[in-house]
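On a predicted model such as this, the values are computed, not experimentally measured, just so you know.
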Amino acid sequence: MKRRELEQLEQRLKSIEIPMLDELPQMIRQRQDQTYAMLDHLKIKTPQHRQQMLKQTLKGFIAAIIFGIILLGSSFVSPAMANTLGRIPFVNSIFEMAGDLGLRLASQKGLTTAVNVSDQIDEIKIAANEVIYDGTRLSVALKRSGGEFTGSFQGLRLNSDGTSKTAADGKPIFNTIEDTGESYDLQIFIDGKPLNPDDNEEDSFKHSISPIIMSGSDEQSMLVLFAEKTYVEGGLILPDQFQLTIKTKLTGMPDDEFILDIPVKKDTSHNVVLQPKQSRTYNRVTTTVQKVTLAPSTTQIRINDQAVAGFPTSYLQGQNLGLNHEICDDKGKRLEMVNGGGGWSESVNKDNTVKYSLVSDVNVAPLEHDVKFIIVKTYLYKYVGTGREKRNLLDSSGFPVVEYIPQLEMTIPVH
């Protein structure tokens, strides 16, 4: 641990109001006695200028042991104590160091949950150590350890600072077919039900939840995310509490399967849900903001687009509405998208009138505390060519060109 991390942990420990006990539980007393005995017998031979650093290391070691005892002995403390512990941010949290801004902010605020689940085959271990399910997204941090693998856990190659390695043309570098240690054949179950069953199996969560696998803070970690799309008809939604089972194999170990059974509980106590139901209509298209959820890991905006016959054909992408949405804060700054957003589009022919519908969740990073309103903008991607030759029109920097529809723009108060 770095000195700054030790000092932060020490301050957090000092700030915790630990209830007084008449007698320490036997497990804690034994662990304490063993720790002091080990330190008494530790022979230290070090130059004078390193003694202060060593003292800090030992303090961190003792603090870590005490902290572990507090967690292990949580049944001996009050609910208030357990709640306080739950708000302490993780040291070296995968969420905090990963690329997802929403998860990073939630972890920094201590709003994620510690889990201690792992599966080990020989010296190879895969562990789940952090999870958050705030009703908008469910995210799990996984860590691979042991073994001498040549590839990254998720598949994307990363630099030591967690950024993606890129080739000369700027494209990201992934594992090669010869690399080992990459997760594959990953299967997900909710209370034993498959998240994505085969077409010939009974449908469960297939139409409402889709998993996303993204790289973590380094090549030994990755994130598994679920975006719950409750607006889709059919399929089950996630229960409030369940057992999440993740099964995966690693390249180079084709005969072995790792199985993790992770307890998950939804916590919406920090959420604020708004239902503005504000609409704008233009060119026979009506866009409605149905709901805004302000959650620890995500600001989620539920948007419903309805179009009736006579709207411009340029609004279509194939047989579906091709509308997209961008969210800005009250200063005009575009909010960073986070993983898990998506939409469901369909067309219905009723009374000889074709009606197109697009319902989507736009997921962006949590708002700053002083943001008074958000701006919802609707836009279309511009294309060139037709048929198989159709592709995005790019600007001089290589980014897709978009066309905004200002008549559908809305300002939504959030405070």
Exercise for review: Please round to the nearest 0.5 Å and tell me the distance separating atom CG of Asp261 and atom CG of Leu244.
Suggested key: 8.5 Å
Exercise for review: Scan side-chain atoms only and decide if Gln306 and Asn304 contain a donor-acceptor pair under the 3.5 Å cut-off.
Suggested key: yes
Exercise for review: Give a yes or no on whether Lys390 atom NZ has more than 12 heavy-atom contacts from other residues, nucleotides or ligands under 6.0 Å away.
Suggested key: yes
Check your understanding: Which residues satisfy the salt bridge (charged side-chain N to carboxylate O under 4.0 Å, His left out) test with Asp329, sequence neighbours excluded?
Key -> none
Point to revise | Any donor-acceptor N/O pair, Asp218 side chain to Leu158 backbone, under 3.5 Å | key: no
Study note, to complete from the structure: Residues pairing under ring pair (Phe, Tyr, Trp, His ring centres under 6.0 Å) where one sits in residues 315-336, two or more places apart or in two chains, turn out to be none
Exercise for review: Taking Gln407 for its side chain and Arg280 for its backbone only, find out whether a donor-acceptor pair lies under 3.5 Å.
Suggested key: no
Point to revise | Those residues that, when tested against Asp255, pass side chain to side chain contact (heavy atoms under 4.5 Å, CB included) (two or more places apart) | key: none
Study note, to complete from the structure: Closest heavy-atom pair, Gly102 versus Val338, reported as atoms and distance to 0.1 Å, is N-CG1, 3.9 Å
Point to revise | Side-chain donor-acceptor contact under 3.5 Å, Thr180 with Thr251 | key: no
**Study point:** Donor + acceptor pair across side chains of Asn363, Thr298 (<3.5 Å)
**Key:** no
Review point. Is Arg137 salt-bridged to Asp100, cutoff N-O under 4.0 Å?
Key: yes
Review point. With sequence neighbours left out, what residues match Thr176 under side chain to side chain contact (heavy atoms under 4.5 Å, CB included)?
Key: Glu178, Asp179
Exercise for review: Check the side chains of Gln300 and Thr136 for a donor-acceptor pair under 3.5 angstrom, ignoring hydrogens and angles.
Suggested key: no
Review point. Are any of the side-chain heavy atoms of Met222 and Leu186 separated by less than 4.5 Å?
Key: yes
Review point. Between atom CD of Glu368 and atom OG1 of Thr299, what is the distance when rounded to the nearest 0.5 Å?
Key: 10.0 Å
Review point. With sequence neighbours excluded, what pairs up with Lys372 under the salt bridge (charged side-chain N to carboxylate O under 4.0 Å, His left out) test?
Key: none
Exercise for review: Give a yes or no answer on whether the side chain of Asp267 reaches the backbone of Ser269 with a donor-acceptor pair at less than 3.5 Å.
Suggested key: yes
Point to revise | CD/Gln120: more than 12 non-hydrogen atoms of other groups inside 6.0 Å | key: yes
Revision key, fill the gap. Lys266 meets the side chain to side chain donor-acceptor pair (under 3.5 Å) criterion, sequence neighbours left out, with Asp240
Practice item. Only pairs at least two apart or in different chains count here, so list each ring pair (Phe, Tyr, Trp, His ring centres under 6.0 Å) that has a residue in residues 389-415. Key: Tyr379-Tyr404
**Study point:** Sidechain-backbone polar pair: Gln154 side chain, Ile213 backbone, donor-acceptor under 3.5 Å
**Key:** yes
**Study point:** Test item: side-chain donor near acceptor, Gln290 and Arg302, under 3.5 Å
**Key:** no
Practice item. State, yes or no, whether a side-chain contact exists between Ile126 and Thr248 at a heavy-atom distance under 4.5 Å. Key: yes
Practice item. Only pairs at least two apart or in different chains count here, so list each salt bridge (Lys or Arg N to Asp or Glu O under 4.0 Å) that has a residue in residues 163-177. Key: none
**Study point:** Asp191: side chain to side chain donor-acceptor pair (under 3.5 Å) partners, not counting sequence neighbours
**Key:** none
Point to revise | Set of side chain to side chain contact (heavy atoms under 4.5 Å, CB included) partners for Ser145, sequence neighbours left out | key: Lys125
Exercise for review: Scan for ring pair (Phe, Tyr, Trp, His ring centres under 6.0 Å) pairs involving residues 126-179, sequence neighbours excluded, and state none if there are none.
Suggested key: none
Study note, to complete from the structure: side chain to side chain contact (heavy atoms under 4.5 Å, CB included) filter on Lys249, not counting sequence neighbours, yields Tyr184, Asp185, Glu257
Review point. Side chains of Thr293 and Asn271: donor-acceptor distance under 3.5 Å anywhere?
Key: no
